[in-house]
Amino acid sequence: MVLAERVSKIKPSPTLAVSAKADKMKADGIDIISFGAGEPDFDTPQNIKDAAINALNQGFTKYTAVDGIQELKDAIINKFQRQNGLTYERKQIIVSCGGKHTIYNIAQALFNNGDEIIIPSPYWVSFPDIVLLADATPVIVTTQEKNEFKILPDELRGAVTPKTKAIILNSPSNPTGTVYTAEELGKIAEIAVEKKLIVISDEIYEEFVYDGLTFTSIASLGKAIKDLTIVVNGVSKAYSMTGWRIGYAAGHPEIISAMSKIQSQSTSNPTSIAQKASVEALMNSHGTVDTMVEEFNRRRKYMAERLNSIDGVSCLKPMGAFYAFPRVSPLYQKRFNGKKIQNSTGLADFLLDAARVAVVPGLAFGDDNHIRLSYATSFKNIEMGMDRIEEAIKQLE
Ligand SMILES: *Cc1c(COP(=O)(O)O)cnc(C)c1O
């Protein structure tokens, strides 16, 4: 079979692949603790489920406007105003089938063959592949752990060429947990405005910031940068709604309408009842989000401490999202049962076999010296999983 060339340019999402392998071992009766999850372990709150059930019972089960119902757009506009001090009109908002789909639509609407898109690394696994699927070129800029994995203004300047079209930012970051301050974002904004770069700002972990940090959207730093920024967000992470598939974007009306045109010839509208549930999520979730974030904070501190107490492992305290991203490269070249651990994939395989713990190799995020552990699992699982990891690593020689 001759397949389209674009298929060979990309790989299946590696985070989903680890979950699949761990799930298979579980199904075979092996007791696996998974730190692979990219989603909250909490159930979707009942008031949100009820909104979907009501929508179903009322027969709200037909096509909707391609770019989302007005009620949801208004809830999104309200959220931007309330939480980010950002004012948008309806024609600046589009609702899509998840944040990933939103970013895909942006790429399809905006990128041409030859365009260079700057992606700081470590990056979310899907960014480079979504860029490739739009025939554009990902330009990976490796950030330094000593700079908390943040792209420095000089590093950004150094990567810009006449072909640069956009930069993809993700703060709080998956996988590193890095959160940019308003001041740091201001410097990036200055460069973007000077060089006329589009900023795609993936703010899906907005709610997950710790230690008294406040979240800043780069779009809120002035009119010039707001006009260049497409803010991406969604309900998956903040409201434990990963399966509902609702994400959204806000930005220049011309880009939003191009995205809507693409969506009209691919998915059409996002699911009608999930849109109704998302209105409820955005308007009435404050208590539940706070409770979830508080529990994540407790797990975060514990996991980071445990990781740092293991010889050969060191971990920056993650300031946002729900992942720890420890450096494990000092363990490379050590052996387990005579077999040498070569890289992050080897270490993840070793942990799965020897500790029965699933983690994601850093290579998936463009960094082979680290692994990613999600703390979106129960405190008890984290305790047991960390005990197992510690024990297994002691056995390396
Ligand atoms: C989870 C995630 C998304 C979007 O997820 P959806 O379920 O498609 O809404 C986007 N960006 C990052 C960095 C993520 O981790």
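One is the number of the first residue; the rest follow in order along the sequence. Order of appearance sets the numbers: ligands from 1, and atoms from 1 within every ligand.
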Task: Listed once per pair and sorted, the ring pair (Phe, Tyr, Trp, His ring centres under 6.0 Å) pairs that draw on residues 166-203, sequence neighbours left out - done: none

TODO: Establish, from distance only, whether the side-chain atoms of Y302 and R306 form a donor-acceptor pair under 3.5 Å.
DONE: yes

Task: SB check D41 R299 (cutoff 4.0 Å) - done: yes

TODO: Please check if the side chain of S285 supplies one atom and the backbone of T288 the other of a donor-acceptor pair under 3.5 Å.
DONE: no

- [ ] Would you please say whether a donor-acceptor pair under 3.5 Å links the side chains of E203 and S201?
- [x] yes

Between ligand 1 and the protein, which N/O pairs fall short of 3.5 Å?
| unit_1 | atom_1 | unit_2 | atom_2 | d |
| --- | --- | --- | --- | --- |
| ligand 1 | 7 (O) | S236 | OG | 2.8 |
| ligand 1 | 7 (O) | R245 | NH1 | 2.7 |
| ligand 1 | 8 (O) | G99 | N | 3.1 |
| ligand 1 | 8 (O) | K100 | N | 2.9 |
| ligand 1 | 8 (O) | R245 | NH2 | 2.8 |
| ligand 1 | 9 (O) | G99 | N | 2.6 |
| ligand 1 | 9 (O) | S236 | OG | 3.0 |
| ligand 1 | 11 (N) | D202 | OD2 | 2.5 |
| ligand 1 | 15 (O) | N174 | ND2 | 2.9 |
| ligand 1 | 15 (O) | Y205 | OH | 2.6 |
| ligand 1 | 15 (O) | K237 | NZ | 3.0 |

- [ ] Answer yes if the ring centres of Y205 and Y323 are under 6.0 angstrom apart, and no otherwise.
- [x] yes

